[in-house]
Number of protein chains: 2
Amino acid sequence: MESQDLRRAGLKVTLPRMKILEILERRQGDHHMSAEDVYKALLEAGEDIGLATVYRVLTQFEAAGLVTRHHFEGGQAVFELAGKEHHDHIVCNQCGRIFEFQNETIEQCQEKVAREAGFLIRDHSLILYGDCQRPNCAYRAQGQGRGKSPASPGRARGSKS
Amino acid sequence: MESQDLRRAGLKVTLPRMKILEILERRQGDHHMSAEDVYKALLEAGEDIGLATVYRVLTQFEAAGLVTRHHFEGGQAVFELAGKEHHDHIVCNQCGRIFEFQNETIEQCQEKVAREAGFLIRDHSLILYGDCQRPNCAYRAQGQGRGKSPASPGRARGSKS
DNA sequence: CGCGGAAATGAAAAATCTTCTCATAGCGCT
DNA sequence: AGCGCTATGAGAAGATTTTTCATTTCCGCG
């Protein structure tokens with residue numbers, strides 16, 4: 001009954017919002033989805049929901065605290081269901097795999113640094129970019145251009161510095 | 001003689017590249033500039049350099065390690081001259097002021113976390129968003145839309161979570 | 001100091017990602 | 001079931017960044 005989630009968030013229960021919430025909840029594996037990912041999943045599920053609505057709804061969900069938005073490299077924002085503990089991310093440059101972690105020491109240092117600098121922290125973004133050393137990591141030829149990433153598995157981009 | 005910087009970076013010494021480098025070096029105050037900022041500064045300096053060139057050159061500078069690109073919230077990437085020590089950023093949600101900091105403990109924790117997760121870190125991005133508590137912070141009315149930020153002082157956006 | 005070729009530039013078009021507009025449809029309440 | 005307000009869909013519009021391609025500029029060389 002995720003309609004309760006919507007009502008609780010002060011959002012009218014509509015079919016598009018229900019379906020999008022379902023997509024986010026039922027997602028297996030990597031639960032980080034771009035608006036486009038959600039849109040495609042809806043199409044596959046036979047739902048006729050516009051991309052504009054997906055963006056709108058995801059933004060509302062974010063405002064309501066139902067989802068969290070991340071700006072990984074690659075231009076597209078990705079969303080994940082909130083609810084679990086706060087965590088940060090490691091993104092594989094090669095295959096796009098995403099690892100989540102929590103580190104209390106880092107959190108505390110951030111607080112301390114901000115306090116000393118005279119800031120009141122509202123939010124933060126910590127993303128590590130690297131190569132996951134797993135054998136099945138979808139290594140692509142070095143010097144890849146900036147072509148479109150394959151549909152599903154990875155949203156990797158070239159590394160920096 | 002910043003032409004040496006260019007040659008050293010393996011880039012042909014051209015007028016646009018020189019001028020852009022100058023803009024970045026001469027910049028007083030907040031040295032974080034978007035491509036648009038650089039473009040406008042060039043116009044003010046009487047240089048007739050296209051925006052496409054600015055983007056191209058900044059990207060080359062980044063590849064050459066001359067500048068670093070950051071993706072703060074707000075959609076626009078910002079650049080700063082590299083060369084100084086590595087550092088992370090605190091961005092004021094209200095006035096856009098940027099504070100830089102270094103924290104060895106955080107760096108070490110990141111390394112440790114990544115190692116334990118089986119990642120080889122190539123890069124990272126740590127950005128804290130908050131409110132600088134200074135009296136002259138350009139507080140804007142709450143619930144600001146998402147209009148264009150005023151030219152120079154701030155590129156603040158609404159906060160999250 | 002002018003030449004020639006490779007590389008860089010400018011302008012405009014295109015590509016991407018996201019938001020806005022507005023007419024229509026749907027939800028919640030009575 | 002009916003009403004009013006909000007949400008939606010489709011497409012246009014906006015914002016940022018990249019690409020295309022004809023022209024210009026830089027650099028090594030005579």
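To find a chain, count down the sequence lines: A is the first, B the second, and so on, and within it residues start at 1. Please read these numbers as outputs of a predicted model, since none were measured by experiment.
Between the CG atom of B:L43 and the C1' atom of C:dG10 there is a distance of 13 Å, rounded to whole Å. Between the P atom of D:dA15 and the CD atom of B:E73 lies a distance of 19 Å, rounded to the nearest Å. Atom CD of B:Q76 is separated from atom C1' of D:dT18 by 15 Å (rounded to the nearest Å). Per the geometry, CG belonging to B:L6 stands 13 Å off C1' belonging to D:dC26, to the nearest Å. Following rounding to the nearest Å, A:M18 (CE) and C:dG26 (P) show an atom-to-atom distance of 16 Å. One interatomic measurement links the two molecules: CG of B:L58 to P of D:dT16, which rounds to 15 Å at whole-angstrom precision. Taking atom CD of residue B:E36 and atom P of nucleotide D:dT17, one finds them 9 Å apart after rounding to whole Å. As a whole-Å value, the separation of B:K19 NZ from D:dC26 C1' is 16 Å.
Every residue was checked against the salt bridge (Lys or Arg N to Asp or Glu O under 4.0 Å) condition with A:D88, not counting sequence neighbours, and none meets it. Taking the side chain to side chain donor-acceptor pair (under 3.5 Å) definition, one finds that A:S125 meets it with nothing, sequence neighbours left out. With sequence neighbours excluded, the residues forming a salt bridge (Lys or Arg N to Asp or Glu O under 4.0 Å) with A:E47 are A:K19, listed by chain and number. With sequence neighbours excluded, the residues satisfying ring pair (Phe, Tyr, Trp, His ring centres under 6.0 Å) with A:H89 are A:H32, A:H70, A:F72, A:H87. The salt bridge (Lys or Arg N to Asp or Glu O under 4.0 Å) test applied to A:E100 returns A:K84, not counting sequence neighbours. With sequence neighbours excluded, the residues forming a salt bridge (Lys or Arg N to Asp or Glu O under 4.0 Å) with B:E116 are B:K112, listed by chain and number. Every residue two or more places apart in sequence or in another chain was checked for a side chain to side chain donor-acceptor pair (under 3.5 Å) with A:T14, and none qualifies.
Following chains of ILVMFWY side-chain contacts shorter than 4.5 Å, one cannot reach A:V113 starting from B:I127, and the two form parts of different hydrophobic clusters.
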Could you pull out the protein-nucleic contacts involving nucleotides 27-30 of chain C (nitrogen or oxygen on both sides, under 3.5 Å)?
residue: C:dC27; atom: O3'; partner: A:V13; partner atom: O; Å: 3.2
residue: C:dG28; atom: OP1; partner: A:V13; partner atom: N; Å: 3.2

For nucleotides 11-14 of chain C, list the nitrogen or oxygen atoms of the protein found under 3.5 Å from its nitrogen or oxygen atoms, one pair per line.
none

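If you check every strand for non-hydrogen atoms under 4.0 Å, A:A35 touches nothing.
Across every non-hydrogen atom of B:R97 and B:C137, the tightest pair is NH2-CA, 3.8 Å.
For the ring-ring contact (aromatic ring centres under 6.0 Å, His included) condition, the pairs that include at least one residue of residues 103-126 of chain A, sequence neighbours left out, are A:H86-A:H124. Within the structure, ring-ring contact (aromatic ring centres under 6.0 Å, His included) pairs that include any residue of residues 37-62 of chain B do not occur (at least two apart or interchain).
Taking five base pairs at each end of the helix from C:dC1-D:dG30 to C:dT30-D:dA1, the local helix axes there meet at an angle of 30°, rounded to 10°.
Residue B:Y55 places none of its side-chain N or O atoms closer than 4.0 Å to OP1 or OP2 of D:dT18.
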